[in-house]
Enquirer: 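Pasting a structure below so you can have a look.
So you know, we letter chains A, B, ... as the sequences are listed, proteins then strands, and number each from 1. Please read all numbers here as calculations on a predicted model, not as lab measurements.
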Amino acid sequence: MNSTVDTSASEQLHAFRSHTCGALRDNNVGETVRLSGWVHRVRDHGGVLFIDLRDHYGVTQCVCDPDSPVFSEIEKVRSEWVIRIDGVVKARDEESRNDALPTGAVEIYIRDMEVHGAANELPLPVFGEPEYPEDIRLKYRFLDLRRETLHNNIMKRAEIISSMRRRMIEEGFFEFQTPILTASSPEGARDFLVPSRMHPGQFYALPQAPQQFKQLIMMAGFDRYFQIAPCFRDEDARADRSPGEFYQLDIEMSFVTQEDVFQAVEPVLRDLFVEFADGQAVTESFPRIPYKTSMEKYGNDKPDLRNPIEMENVTEHFAGSGFKIFAGMIEKDEEVRVWAIPAPTGGSRAFCDRMNSWAQDQGQPGLGYIFFKDGAGSGPVAKNIGAERTQAIADQLNLKDGDAVFFVCGKPKSFLDFAGQARVRVGDELGLSETEGFKFCWIVDFPMFEWNEDEKRVDFSHNPFSMPQGGLEALETQDPLTINAYQYDIVCNGVELSSGAIRNHKPEIMEKAFDIAGYDRQVLEDKFGGMLRALQYGAPPHGGIAPGVDRIVMLLCGEPNIREVTMFPMNQQAQDLLMSAPSDVSAAQLRELHIRLNLPKDE
RNA sequence: GGGGGUGUAGCUCAGUUGGUUAGAGCGCUGGCCUGUCACGCCAGAGGCCGCGAGUUCGAGUCUCGUCACUCCCGCCA
């Protein structure tokens, strides 16, 4: 395989490469070089043959003609073989330059070659990256990862994480590791369990997040903690949620108010996005939107602010009006509201009817509307409520000829979801929503408790460790359902990026809060004994947040699916098709753990 | 656990009201080709039409069941 030609220069070269496949330029012309890489593409013209050789750094065109001592060997080379070539760098003439390639000014005349690793026929082509079924991509992930788009996504992910880490350290944060094997926690998601060999019948759990550890780190007298933390939850997947595991930029600080957390985190995220947004606009100063306001204006607690539409309460214009359906509902129940979804530029019957039939497809009775033309409101709703009320609605929402407005009526809780979807649809259909850029906001003042309708009791609405606004006094004197927590989210383009809180650091507040949620002292001690103990020996006021790394990378890569920004993801059934996980284990392994399988019987 | 979508060559897809021998492009194999960079030209291989039952003279096509993948709901403090 090795030829003896041209050895004087070749012998001084590194065993595998003198340059990477992305390195050579005009100024290397005349040099004898050695490259190793994957055969990206072969173009065989019989007499002359081109090989695009690829590595992590780029692609270089290599040429072989019949004068080359290794011509007959090069002819046998196929896609994705790993080979080494030696040759002389030559300038390409004007017509044959390839400006699309950084190395496109030169090419290498192959004088010697060696096969490092041949490849079987590919189950998944790399070149051209045609669409391929996901199970094949996952089974041959090492090939999939060679493809340019995915390779670039993973590199961008690495750069984003590296930038995050640098920014956190520059802000005076310290990176601490927390355990992977820990205790099962009673709240929240299902735990992944790991049997203990030394303690038969007992189990570790993988952390759903380092939540309790990061608080304990603050109680232990450290400050300004962060970690790119792996988190494990045994819950079903979504497109934007991998099954099993994901990463958070986990942050916690001592002696801070909510405002201090915002001041620390906002510039990190904003500047990170500016760095990787390729010139797209990023919110300079994140607006703060109370949870309640967000629900009323946008129908959810993670609004996409690229959509300019804000809903409004227009109940008064329908109460006692001639539009009997709404008027009757309002009269019967004081909780009933009518919300308006303004649709600037949507003022045509065709559009309004389209929205109405979409609503019916969604299982709604319909979607009432008024559209404005010739200085007046049109449509059945306008007819029924009369010109005066129609004008009042137009005035409130600042609507003019050519615009429309849609109405939903009922108890807000029951139509929130639908109203939010309608808002999104109106914005998209009318082209009112921006499609570029990153619009951030803080959602603040989440309720501390919520009513659990199934079990007819008060429950924690978010995080049992959060500090209620008003402290112990609020817990003792207020209706629990009116108490807000120092609990906040960061939302970007409709994606919930992170969730955080000022924590409760007083044991008596913790006891009272759990009491309200119906847990007695014994439960508290059993489940959160370590935390409760730590609170009793001098706990500092503290708080933090945990932005989701995978979702940040998805946004910055413009990918709708988390598997496109994860090196070795599992499929939606939580299987790793490359490594074959989960898998059976041997009887000996089970015996050692004192575990006997009791599998479900089917068929 | 539930709902929607998809399933035809290795891949992407076409396949008429049910009707003869199921097609195309890409990929693969072989041949030709001295300037390509999505190279080109010729030929070839490659099909349990996801699987199973049913209706029918006849099923890729219709019905039922089932499996796989995917998206969503539940779930994710």
Enquirer: For B:U36, is there a stacking contact with A:His45, counting only centres under 5.5 Å and planes under 30°?
Expert: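 So A:His45 does not count as stacking on the base.
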Enquirer: Is the shortest side-chain N/O distance from A:Arg137 to OP1 or OP2 of B:U70 below 4.0 Å?
Expert: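 Answer no for this pair, as no side-chain N or O of A:Arg137 is under 4.0 Å from OP1 or OP2.
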Enquirer: Report the distance from atom CG of A:Leu124 to atom C1' of B:U12, rounded to the nearest whole Å.
Expert: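 Between C1' of B:U12 and CG of A:Leu124: 13 Å.
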Enquirer: Phosphate oxygens OP1/OP2 of B:C71: is one of them under 4.0 Å from a side-chain N or O of A:Asn561?
Expert: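 Yes, such a contact exists.
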Enquirer: Within the structure, does a side-chain N or O atom of A:Gln208 lie under 4.0 Å from either OP1 or OP2 of B:C76?
Expert: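 No.
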Enquirer: When you get a sec, tell me which of B:C11, B:C39, B:C37 is the closest nucleotide to the side chain of A:Phe127?
Expert: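 Among B:C11, B:C39, B:C37, the one nearest the side chain of A:Phe127 is B:C39.
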Enquirer: For nucleotides B:U17 and B:C62, find the distance between their P atoms and express it as a whole number of Å.
Expert: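 It works out to 11 Å between them.
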Enquirer: Does OP1 or OP2 of B:C71 have a side-chain N or O of A:Gln572 closer than 4.0 Å?
Expert: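 For A:Gln572, the contact criterion (side-chain N or O under 4.0 Å from OP1 or OP2 of B:C71) is met.
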Enquirer: Nearest to the side chain of A:Gln61, which nucleotide is it out of B:G74, B:C71, B:G35?
Expert: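 Selected nucleotide: B:G35.
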Enquirer: Any salt bridge between A:Asp550 and A:Arg241, counting N to O under 4.0 Å?
Expert: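 Looking at A:Arg241 together with A:Asp550, the answer is no, because their closest N to O distance does not fall below 4.0 Å.
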Enquirer: Atom OH of A:Tyr109 and atom C1' of B:U34: how far apart are they, to the nearest Å?
Expert: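 Those two atoms, OH and C1', are 10 Å apart.
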Enquirer: Return no unless some side-chain N or O of A:Arg97 is found under 4.0 Å from OP1 or OP2 of B:C37.
Expert: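 No.
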Enquirer: Examine B:U70: is either OP1 or OP2 under 4.0 Å from a nitrogen or oxygen in the side chain of A:Gln573? Give yes or no.
Expert: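 The answer is yes; a side-chain N or O of A:Gln573 sits under 4.0 Å from OP1 or OP2.
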Enquirer: Looking at B:G10, B:C72, B:U70, which one has an atom nearest to any side-chain atom of A:Asn571?
Expert: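 Shortest atom-to-atom distance from the side chain points to B:U70.
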Enquirer: Out of B:C75, B:C11, B:U70, which has the shortest distance to the side chain of A:Glu134?
Expert: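 Among B:C75, B:C11, B:U70, the one nearest the side chain of A:Glu134 is B:U70.
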Enquirer: Give the nucleotide from the list B:C28, B:G35, B:C76 with an atom nearest to the side chain of A:Glu121.
Expert: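 Between B:C28, B:G35, B:C76, the one nearest the side chain of A:Glu121 would be B:C28.
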Enquirer: From the list B:G30, B:C73, B:U36, which nucleotide is the closest neighbour of the side chain of A:Arg238?
Expert: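 That would be B:C73.
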Enquirer: Rounding to an integer number of Å, can you tell me how far A:Asp67 CG sits from B:G35 C1'?
Expert: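 Between C1' of B:G35 and CG of A:Asp67: 15 Å.
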Enquirer: Of all the choices, B:G35, B:G27, B:G1, which nucleotide is nearest to the side chain of A:Arg92 once you look at every atom?
Expert: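 Selected nucleotide (nearest to the side chain): B:G35.
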Enquirer: Check every atom of B:C72, B:G35, B:C11 against the side chain of A:Ile136 and return the nucleotide holding the closest atom.
Expert: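 The listed nucleotide nearest to A:Ile136's side chain is B:C11.
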Enquirer: Write down the distance between CZ (A:Arg190) and C1' (B:G1), rounded to a whole number of angstrom.
Expert: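 After rounding, the reported distance stands at 10 Å.
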Enquirer: Using the P atom in both, what is the distance from B:A59 to B:U16, to the nearest Å?
Expert: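 Each nucleotide's P atom is 16 Å from the other's.
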Enquirer: Between B:C76, B:G35, B:C71, which nucleotide has the shortest distance from any of its atoms to the side chain of A:Arg563?
Expert: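 Of the candidates, B:C71 comes closest.
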Enquirer: Roughly how far apart, to the nearest Å, are B:U34 and B:G47 at atom C1'?
Expert: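 It works out to 40 Å between them.
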Enquirer: A:Arg43 side chain: which of B:C33, B:C11, B:U36 is closest?
Expert: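 Looking only at heavy atoms from C-beta outward on A:Arg43, the closest nucleotide is B:U36.
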Enquirer: Do you see a donor-acceptor pair shorter than 3.5 Å between the side chains of A:Gln61 and A:Arg41?
Expert: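 A:Arg41 and A:Gln61 do not have a side-chain donor-acceptor pair below 3.5 Å.
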Enquirer: Determine the interatomic distance between C1' on B:G3 and the same-named atom on B:G74; round to the nearest Å.
Expert: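 Each nucleotide's C1' atom is 11 Å from the other's.
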Enquirer: Can you classify the ring geometry of A:Trp442 versus A:Tyr488 as parallel (below 30°), tilted (30 to 60°) or perpendicular (above 60°)?
Expert: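 If you compare the ring of A:Trp442 with that of A:Tyr488, the planes turn out perpendicular.
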Enquirer: Could you tell me the separation between the CD atom of A:Glu131 and the P atom of B:A38, rounded to a whole number of Å?
Expert: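 Distance check: A:Glu131 CD to B:A38 P gives 20 Å.
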